[in-house]
Amino acid sequence: MSYPPDLIKRLQTHAYTIRRHSLIMTTRAASGHPSSSLSMAEIMAALYFHELRVDPRCPDWPERDRFVLSKGHGCPAQFAALAERGFFDRRELLTLRQLGSFLQGHPDLKTPGVEAATGSLGNGISIAVGMALAGKLDRRPWRVYTVIGDGECQEGMVWEAAMAAAHFRLDNLCALLDFNGLETDGPVREIMNPEPLDDKFRAFGWHVVEVDGHDLVQILDALAEARRTAGRPTMIIAHTVKGKGVSFMEHELDWHGKPASPEQLRQALAELDAWAAAAGLEPPPPLDGEA
Amino acid sequence: MDGPRLLLAKTESPPRAVATRDAYGDALAQLGAEDPDIVVLDADLAKSTKTIKFAERFPERFFEVGIAEQNLMGIAAGLALAGKKPFVSTFAVFGTGRAFEPLRNSIAYPALNVKICLSHAGVTVGEDGGSHQTVEDIALMRSLPNLTVVVPADAVETAQAVRAIHAHHGPVYLRMGRPSVPVIFDAEGYRFRLGRATVLREGRDVALMACGIMVSQALAAAERLAAEGIEALVLNVSTVKPLDEETVCAAAARTGAVVTCEEHSVIGGLGSAVAEVLGERRPTPMERVGIKDVFGESGTWKDLLKARGLTPDDIVSAARRVLRRKAD
Ligand SMILES: Cc1ncc(C[n+]2csc(CCOP(=O)(O)OP(=O)(O)O)c2C)c(N)n1
Ligand SMILES: [Mg+2]
């Protein structure tokens with residue numbers, strides 16, 4: 001499909017902002033998963049700034065679409081998106097992982113806009129199935145979205161949930177798979193190969209679409225296709241690069257669950273800014289206390 | 001003795017026996033007619049957990065998730081987050097064991113309104129053997145913040161407890177058994193109150209504090225002790241968590257000797273809960289009747305109660321032991 005050029009540019013700017021915030025937040029927290037956040041920045045931008053019908057002034061609006069981050073450790077990206085979407089003040093992002101903050105190390109109901117407590121891999125997609133089931137039961141038009149990791153697909157619970165989603169014909173459910181090829185201890189293929197994931201989800205009864213997970217047009221197209229798909233859930237397999245946008249993090253195993261040092265953060269932000277300037281993107285809203 | 005007597009059913013012979021899971025199935029089907037938000041989920045054991053009774057009346061609100069207990073908890077969490085009131089059932093060993101972590105992280109941690117109503121708890125599962133008998137489920141559930149733990153004594157209390165936990169917003173574990181057990185309560189006289197322990201029989205020599213099937217065993221033990229001139233107070237501690245500390249301490253103070261009685265390991269269950277409270281607030285000589293840190297095995301449920309030391313005689317012996325220590 002063709003989209004207004006300014007829409008794509010706007011979403012790219014959001015992805016850029018999500019990346020910057022995720023890096024700054026995790027460096028400030030001195031912990032967290034920046035590279036897992038970077039690989040899903042475009043997915044978060046597409047969902048929160050185009051696809052999801054949500055109202056930041058009324059996070060509990062009953063008719064809203066629901067989003068569950070099943071790969072909960074990627075939550076800096078989600079929190080950044082929620083702040084930019086207006087669910088809370090972006091300065092709160094700097095409290096990530098601090099005692100008393102509503103921004104916990106993993107998604108938690110304390111946070112405005114967060115729909116489920118996740119972080120234990122495999123749980124989120126199952127919760128999303130339950131939500132979608134409730135929507136079907138009440139014949140409501142709202143939809144449920146979830147993002148899972150490729151390493152996460154080693155969890156048996158993912159397949160329990162996948163089986164149930166197809167069995168219950170949950171076409172109001174759309175999952176996106178952040179297929180970045182890496183997990184904590186190594187490449188997903190070497191640790192315990194879950195591939196072929198497309199065939200597996202198809203065999204489990206899902207409609208499967210594959211996209212470049214950093215190409216917003218492809219993501220929007222796939223989300224639209226999911227909305228048109230009747231009778232079964234959709235899995236959007238998004239081919240991504242872990243650590244995307246930061247040269248020393250991209251494809252790098254050792255960056256899982258590791259924040260940048262203040263010096264590395266400066267370099268990372270400079271790289272992102274240079275890339276954004278070349279792409280003609282607006283400068284992002286700065287976070288207070290930015291390095 | 002007059003007051004408490006009203007709570008108990010008139011003794012029929014043989015006494016009426018109903019499984020707590022049957023009472024659960026009936027109560028749930030009734031409640032389903034009153035509250036359209038109730039949804040029920042099971043993992044291929046609906047005929048055994050008796051959720052089948054709800055399923056037959058409200059098929060559109062009953063979800064069979066197959067043999068996938070982790071997903072059972074996850075889906076229930078999602079339904080609760082969307083405003084439904086899920087009751088989930090399977091066997092206690094699978095619901096608290098196999099699904100422990102999704103139950104912990106997706107239900108207890110965010111304090112979701114999910115009722116985890118599991119049957120076939122304890123050794124009274126019988127012939128299926130140790131793999132299917134829980135000795136640890138109360139310990140597991142009791143250790144989870146936000147979770148309420150209810151162990152009803154008979155069918156009457158179960159039916160009332162189902163209504164009470166439905167009215168309570170938050171996660172609850174309701175523990176039920178397989179076999180038909182004596183109905184001890186009078187449906188008119190008894191009132192289950194969530195979080196309250198109930199004195200079923202007054203006595204000043206020793207307090208028998210029991211839950212589940214062991215309540216009727218404790219009542220029988222109290223009769224035998226009475227024949228020896230020992231007055232036993234019997235306390236039904238059907239809400240194991242939060243524990244009714246006031247009533248427990250008051251009973252300990254009144255009698256100066258305590259015997260806890262549970263169809264569960266002596267590690268982490270009712271006995272532990274009572275010991276924790278008395279140790280801090282009112283140190284009292286105490287004995288724990290329960291499963292002595294071993295698993296179950298196959299056998300009839302009645303033989304298993306004997307084999308694991310869960311009979312009225314075992315309670316009587318424990319009472320004599322604790323009374324000797326009280327005298328010291
Ligand atoms: C059940 C469970 N086991 C282990 C972990 C620890 N853990 C956090 S992230 C991670 C790797 C996730 O890899 P993947 O799903 O590929 O996500 P990515 O970060 O690559 O997007 C692991 C093992 C967890 N959070 N949950
Ligand atoms: Mg990965």
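Note that the coordinates shown come from a computational prediction; the quantities given were computed from them, not determined experimentally.
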Quick one: what part of A:Trp159 sits under 4.5 Å from any heavy atom of chain B, side chain, backbone, both or neither?
neither
Sort out for me which of B:Ile75, B:Val39, B:Ile67, B:Leu81 touches chain A most, counting heavy-atom pairs under 4.5 Å.
B:Ile75
Segment of A:Ala128 engaging chain B (4.5 angstrom heavy-atom cut-off):
neither
Looking at the rings of B:Phe63 and A:Phe168, which for Trp means the six-membered one, are their centres under 6.0 Å apart?
yes
Between chain A and each of B:Pro102, B:Ala76, B:Ala82, count heavy-atom pairs under 4.5 Å; write down the option with the most.
B:Pro102
So, the side chain of B:Arg142 versus the backbone of B:Gly268: is there a donor-acceptor pair under 3.5 Å, distance only?
yes
Does the gap between the ring centers of B:Phe62 and B:Phe58 come in under 6.0 Å?
no
Can you confirm if the aromatic rings of A:His73 and A:His106 lie within a centre distance of less than 6.0 Å?
no
Counting neighbours of NE2 on A:His167 that are heavy atoms of other residues, nucleotides or ligands and sit closer than 6.0 Å, is the number greater than 12?
no
Okay, B:Leu41 and chain A: the region with an atom under 4.5 Å from a heavy atom over there is neither
Measure distances from A:Leu109 to the heavy atoms of chain B and classify the residue's part below 4.5 Å as side chain, backbone, both or neither.
side chain
Top residue by heavy-atom pair count (under 4.5 Å) with chain B, among A:Arg140, A:Lys110, A:Glu115, A:Glu160?
A:Glu160
Is it possible for you to check whether A:Arg53 lies under 6.0 Å from the centre of the six-membered ring of A:Trp142, through NZ or CZ, and within 45° of that ring's axis?
no
B:Asp42 CG to B:Ser48 OG distance, which is reported to the nearest 0.5 Å:
8.5 Å
When only pairs under 4.5 Å are counted, which of A:Val68, A:Asp138, A:Thr118 shares the most heavy-atom pairs with chain B?
A:Asp138
Per-residue tally against chain B (heavy atom, under 4.5 Å) across A:Ala132, A:Ser120, A:Ala116, A:Ala164 peaks at A:Ser120
